[in-house]
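Data first, discussion second: the structure below is written as structure tokens.
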Amino acid sequence: MEEIEVMEMREISGRIVTFVALLLCAELAAAQFGADEYQQDMWSKPKGKVETIQAKGKILAMQGEVIQVANDELKQQWLVKLPREPAGISVSGTARPTYLQPGMMVRFSGQFDSKGNSHAPIEKLEVFTPKPVKEGMLPDQQQFGIFPEAVFGAKMLEDATASGQPKIEVASFVVSGQLRGFRKGELFVAAGATLVRASLAEKAEISVDVPDYRWVRAGDEIEVHGWSYPHLMTHVVATRVAIKASQPFGELPEEKPGKAPATPAGKRAGPGAKTDNEELPF
């Protein structure tokens with residue numbers, strides 16, 4: 001009888017020890033989660049005194065949303081955390097025709113007749129990002145469609161037609177819309193309710209201005225506006241960054257599809273890239 005009571009006491013004690021161990025593990029996990037949450041929050045919302053930072057330099061590498069920036073003249077380096085909002089990011093540069101992909105928003109001016117036929121290759125094309133639509137506001141329809149390049153000139157055309165003079169068949173228009181396709185030098189753009197077809201000149205100037213840091217590469221120039229803690233002046237939380245590409249976007253024409261473009265300034269600092277196999281902070 002006594003042996004049975006001893007065994008029952010041992011079983012109860014074992015259960016208590018197991019419960020206490022599980023409780024301690026849960027508390028440690030909660031404490032760790034709280035620390036991680038606080039660390040994440042301290043970089044998104046300043047805690048205490050901060051310093052305003054403005055820095056310029058070249059990008060050395062990138063990992064996730066953190067960019068390593070260096071200024072050789074000042075002998076300084078920073079680790080810059082990119083803004084969360086796309087409105088705070090500007091990546092600009094030039095591009096080759098191979099950069100153009102369906103879904104991009106493009107804008108260009110050209111010569112078109114009354115039937116919408118293009119009468120000259122497009123010499124300049126812009127890849128842009130539409131203005132964000134704020135809550136409670138209607139989309140800006142003027143961002144997309146086909147518009148006379150000069151309103152004053154359009155009025156003159158109307159007056160000339162009303163006076164009985166011959167109507168000019170070809171005029172300059174601005175086309176703004178979504179690129180639906182690009183094949184054999186031909187652009188297919190959905191500009192509002194109209195599908196525009198136009199040829200792109202072989203040496204057309206293509207400019208890019210997008211809030212997409214995925215195109216960032218080592219060697220690109222960057223201007224940073226943000227803040228940091230006084231004891232961590234080299235760790236900058238950016239509120240606005242302007243990045244200028246050092247090389248044109250898009251593959252070289254002679255390269256095979258899918259081959260990564262050459263980056264003479266250094267290795268590509270795309271998402272997930274690391275520097276010397278070291279983890280960057282933040």
Worksheet entry | Nearest heavy atoms of Gly93 and Ala245, plus distance in Å | CA-CB, 4.3 Å
Worksheet item: Does the side chain of Gln77 come within less than 4.5 Å of Leu60's, by heavy atoms?
Response: yes
Practice prompt. Looking only at non-hydrogen atoms, find the nearest pair between Ala201 and Glu123 and report the distance.
Written response: CB-OE1, 3.7 Å
Discussion item. What I'd like to find out is whether the side chain of Ser109 reaches to under 4.5 Å of the side chain of Ser172, using heavy atoms alone.
Written reply: no
Fill in: Under 3.5 Å: donor-acceptor pair, side chain of Thr239, backbone of His225
yes
Worksheet item: Can you list the residues that meet the salt bridge (charged side-chain N to carboxylate O under 4.0 Å, His left out) rule with Asp212, with sequence neighbours excluded?
Response: Arg214
Item to complete: Enter the distance from Tyr229:OH to Lys49:NZ here, rounded to the nearest 0.5 Å.
Response: 13.5 Å
Fill in: Short side-chain to backbone donor-acceptor contact, Arg96 and Gly250, under 3.5 Å
yes
Worksheet item: Do any N or O atoms from the side chain of Thr234 and from the backbone of Trp78 form a donor-acceptor pair under 3.5 angstrom?
Response: no
Worksheet, complete the sentence: Here the pair of heavy atoms bringing Ala218 nearest to Ser246 is O-OG, 4.3 Å
Worksheet entry | From CA spacing to verdict: side-chain contact (heavy atoms from CB on, under 4.5 Å), Glu186, Arg197 | CA-CA 7 Å; Glu186 291 286 329; Arg197 179 177 178 178; 3.4 Å; yes
Practice prompt. Kindly compute the distance separating CD1 (Ile222) from NZ (Lys56), expressed to the nearest 0.5 Å.
Written response: 12.0 Å
Worksheet item: Is Val174 reachable from Val127 through a run of hydrophobic residues whose side-chain heavy atoms are each under 4.5 Å from the next?
Response: no
Worksheet item: Shortest non-hydrogen contact from Gly88 to Pro83?
Response: O-CG, 3.7 Å
Worksheet entry | Side-chain (Asn71) to main-chain (Gly57) donor-acceptor, under 3.5 angstrom | no
Discussion item. Test your reading of the model: is there a side-chain donor-acceptor pair from Arg217 to the backbone of Gln247, 3.5 Å cut-off?
Written reply: yes
Item to complete: List the steps and the verdict of side-chain contact (heavy atoms from CB on, under 4.5 Å) for Trp227 and Thr52.
Response: CA-CA 5 Å; Trp227 58 268; Thr52 300; 5.7 Å; no
Practice prompt. Quick one: pull up OH in Tyr99 and CH2 in Trp215 and give me the separation to the nearest 0.5 Å.
Written response: 5.5 Å
Discussion item. Would a single hydrophobic cluster contain both Phe188 and Phe128, if residues Ile, Leu, Val, Met, Phe, Trp and Tyr are joined by side-chain heavy-atom contacts under 4.5 Å?
Written reply: no
Item to complete: Report the C-alpha separation of Ser228 and His235 in whole Å, then their side-chain angles, then the decisive distance to 0.1 Å, and conclude whether the side-chain contact (heavy atoms from CB on, under 4.5 Å) test is met.
Response: CA-CA 6 Å; Ser228 68; His235 291 55; 5.6 Å; no
Worksheet item: Given side chains that start at C-beta, do those of Glu65 and Tyr213 come closer than 4.5 Å, heavy atoms only?
Response: yes
Fill in: Non-hydrogen side-chain atoms of Thr94 and Phe249 separated by less than 4.5 Å
no
Worksheet, complete the sentence: Glu51 meets the salt bridge (charged side-chain N to carboxylate O under 4.0 Å, His left out) criterion, sequence neighbours left out, with none
Worksheet item: So does Glu221 pair up with Lys244, basic N to acidic O under 4.0 Å?
Response: no
Worksheet entry | Side-chain heavy atoms of Val216 within contact of Ile59, under 4.5 Å | yes
Discussion item. Starting from Phe173, can I reach Leu179 by hopping between I/L/V/M/F/W/Y residues whose side chains sit under 4.5 Å apart?
Written reply: yes
Fill in: Passing option when Val175 is tested against Leu125, Leu187, Val196 for side-chain contact (heavy atoms from CB on, under 4.5 Å)
Val196
Discussion item. So for atom CD, which belongs to Glu85, do other residues, nucleotides or ligands contribute more than 12 heavy atoms lying within a distance under 6.0 Å?
Written reply: no
Practice prompt. Not counting sequence neighbours, which residues clear ring-ring contact (aromatic ring centres under 6.0 Å, His included) with Phe112? List them please.
Written response: none
Worksheet item: Can you find a pair of side-chain heavy atoms, one from Ile53 and one from Val224, that are under 4.5 Å apart?
Response: no
Fill in: Check against side-chain hydrogen bond (donor to acceptor under 3.5 Å, both in side chains), Asp209 and Thr129
CA-CA 7 Å; Asp209 190 352; Thr129 300; over 6 Å; no
Practice prompt. Spell out, yes or no, whether Val210 and Met104 are grouped together once hydrophobic residues are joined by side-chain heavy atoms under 4.5 Å, including indirect joins.
Written response: yes
Fill in: Side chain to side chain, Ile122 and Phe108, heavy atoms closer than 4.5 Å
yes
Worksheet item: Taking atom CE of Met105 and atom OG of Ser176, what is their separation to the nearest 0.5 Å?
Response: 6.0 Å
Fill in: Leu200 side chain reached by Ile206 side chain, heavy atoms, under 4.5 Å
yes
Worksheet item: Are Ile146 and Val189 joined in one hydrophobic group, where the rule is that I, L, V, M, F, W and Y side chains link up if heavy atoms are under 4.5 Å apart?
Response: yes
